[in-house]
Number of protein chains: 2
Amino acid sequence: MPAVTQSLPRRLAEMPVLADRLRRHARKFTGARQAILAVLRHDSRPMSNKEIFARLPGGLCDLATIYRSLHLLEEVGMVKRFDLGDGVARFALLREDDDGHRHHLVCTRCAEVVEIEECCTPEVEKRISERSGFKAVTHRLEFFGICPTCQ
Amino acid sequence: MPAVTQSLPRRLAEMPVLADRLRRHARKFTGARQAILAVLRHDSRPMSNKEIFARLPGGLCDLATIYRSLHLLEEVGMVKRFDLGDGVARFALLREDDDGHRHHLVCTRCAEVVEIEECCTPEVEKRISERSGFKAVTHRLEFFGICPTCQ
DNA sequence: GGCAGCGATGCAAATCGTTTGCATTTGGCC
DNA sequence: GGCCAAATGCAAACGATTTGCATCGCTGCC
């Protein structure tokens, strides 16, 4: 792995931390994964495999590698998968202490994604669990609407 | 259209109503659609195209026809599409006065689906709309867990 | 009741996101 | 420096869904 020098932009400064998180799981910090993680930390908006692929320096790696890497990163808890209802998986970087539970507001015209701070359902989960007998109840909640630009 | 006789099971008695709803939209009440609607009214659990196909009397119609029919039925508001997060669309019949807004509890092991009566978000939608500037805000909320049988 | 016309259907091929088999390369550790 | 599991590229496979096209069958109309 190339040493991360002082001269790199600040946003790359945390790369060694990410490398460690990978190595802790006996996984390699390869060029492809470096690049993918760099793209993901560039902005926190959930991104699809193709979007990530498109932002990678030309042909740095195969699309299949991105799919495989994101699976792995999801497994070790470094990214979270979001399903915004259009049949495409999206991923966002997860801080180490982050359970990734959050919701989004998606524009049904332009697909802009805004993160929402509210989550009204923790106690509802408990009630549902009690009434239904289901265990380990979680939920997925996403909002849809038309953003100011598209109105 | 073959006349619906008295001797048919009670659950078919409403078929003429469904036929009317279709015709009101200048759509035909074909054999395939009759069969699909019959399957859907048999139980209210959201069903995938393939599940519906499998329940149809052998080879009554093509799978493509089911896809096309469900699109149509969705358009005219006779069925509602559900996305339970496994990449397969499911559909359930909608009563005429029903906006179809409901949520489900899905077993992540066996895919059993239970309908949930709660919806905690109407006022949250309003708040989100006000803060974000988005219009026509709706939401999708599904719960996941492990059902008693699978535990 | 019969007919024209548009909507519906069957079939096969195309699409799209995603996964996988396999041969080859490479990062990490001694 | 060298080993070995892990990672990658490439192409083919996959599953859900869609579509082009020729044919068929409801429906409204006479």
Between A:T65 and D:dA7, is there a side-chain N or O to OP1/OP2 distance below 4.0 Å?
-> no
Compare every heavy atom of A:G133 with every heavy atom of B:Q151, then report the nearest pair and how far apart it is.
-> NE2-O, 2.6 Å
A:V124 side chain near B:F143 side chain, heavy-atom distance below 4.5 Å = yes
Minimum heavy-atom distance B:D99-B:K80, with the two atoms named = O-CD, 4.4 Å
Pick the nucleotide of DNA chain D nearest each of A:L22 and B:S48; which residue has the one closer to the 5' end?
-> A:L22
Considering heavy-atom distances to DNA chain C, does B:G31 or A:R90 have its closest nucleotide positioned more toward the 5' end?
-> B:G31
Under 4.0 angstrom between B:R33 side-chain N/O and C:dG7 OP1 or OP2 | no
How close or far is atom P of D:dT8 from atom CD1 of A:I36, stated in whole angstroms?
-> 7 Å
Rounded to the nearest Å, what distance is computed from the CZ atom of residue A:R27 to the C1' atom of nucleotide C:dT26?
-> 15 Å
Please state how far atom CZ in A:R23 lies from atom P in D:dA7, giving the value in whole angstrom units.
-> 12 Å
Could you walk me through whether B:H139 and A:E142 pass side chain to side chain donor-acceptor pair (under 3.5 Å), step by step?
-> CA-CA 6 Å; B:H139 69 272; A:E142 306 294 353; over 6 Å; no
To the nearest Å, give me how far apart CG (A:L73) and P (D:dA7) are.
-> 10 Å
Contact class for B:L60 vs. all strands (heavy atom < 4.0 Å): base, sugar-phosphate, or nothing?
-> sugar-phosphate
Distance, rounded to the nearest Å, where B:F29 contributes CZ and C:dT9 contributes P | 12 Å
Examine C:dG27: is either OP1 or OP2 under 4.0 Å from a nitrogen or oxygen in the side chain of A:T30? Give yes or no.
-> no
Please state how far atom CD1 in B:I52 lies from atom P in D:dA16, giving the value in whole angstrom units.
-> 14 Å
Evaluate the side-chain proximity of B:I116 to B:L105: yes if any heavy-atom separation is below 4.5 Å, no if none is.
-> yes
B/S/- along nucleotides 18-23 of chain D (protein heavy atoms under 4.0 Å) is BBB---
Identified side-chain contact (heavy atoms from CB on, under 4.5 Å) counterpart of A:E115 within the set A:H103, A:H104, A:R45 | A:H104
Report the distance from atom CG of A:L70 to atom P of D:dA7, rounded to the nearest whole Å.
-> 13 Å
Hey, does the side chain of A:N49 come within less than 4.0 Å of C:dG17's phosphate (OP1/OP2), counting only N and O?
-> no
Shortest non-hydrogen pair, B:N49 vs B:L63, comes out as O-CD1, 4.1 Å
Return yes if the base of D:dA6 and the side-chain atoms of A:K28 contain a donor-acceptor N/O pair under 3.5 Å, otherwise no.
-> yes
Protein-nucleotide distance (B:F53, atom CZ; C:dT9, atom P), rounded to Å | 13 Å
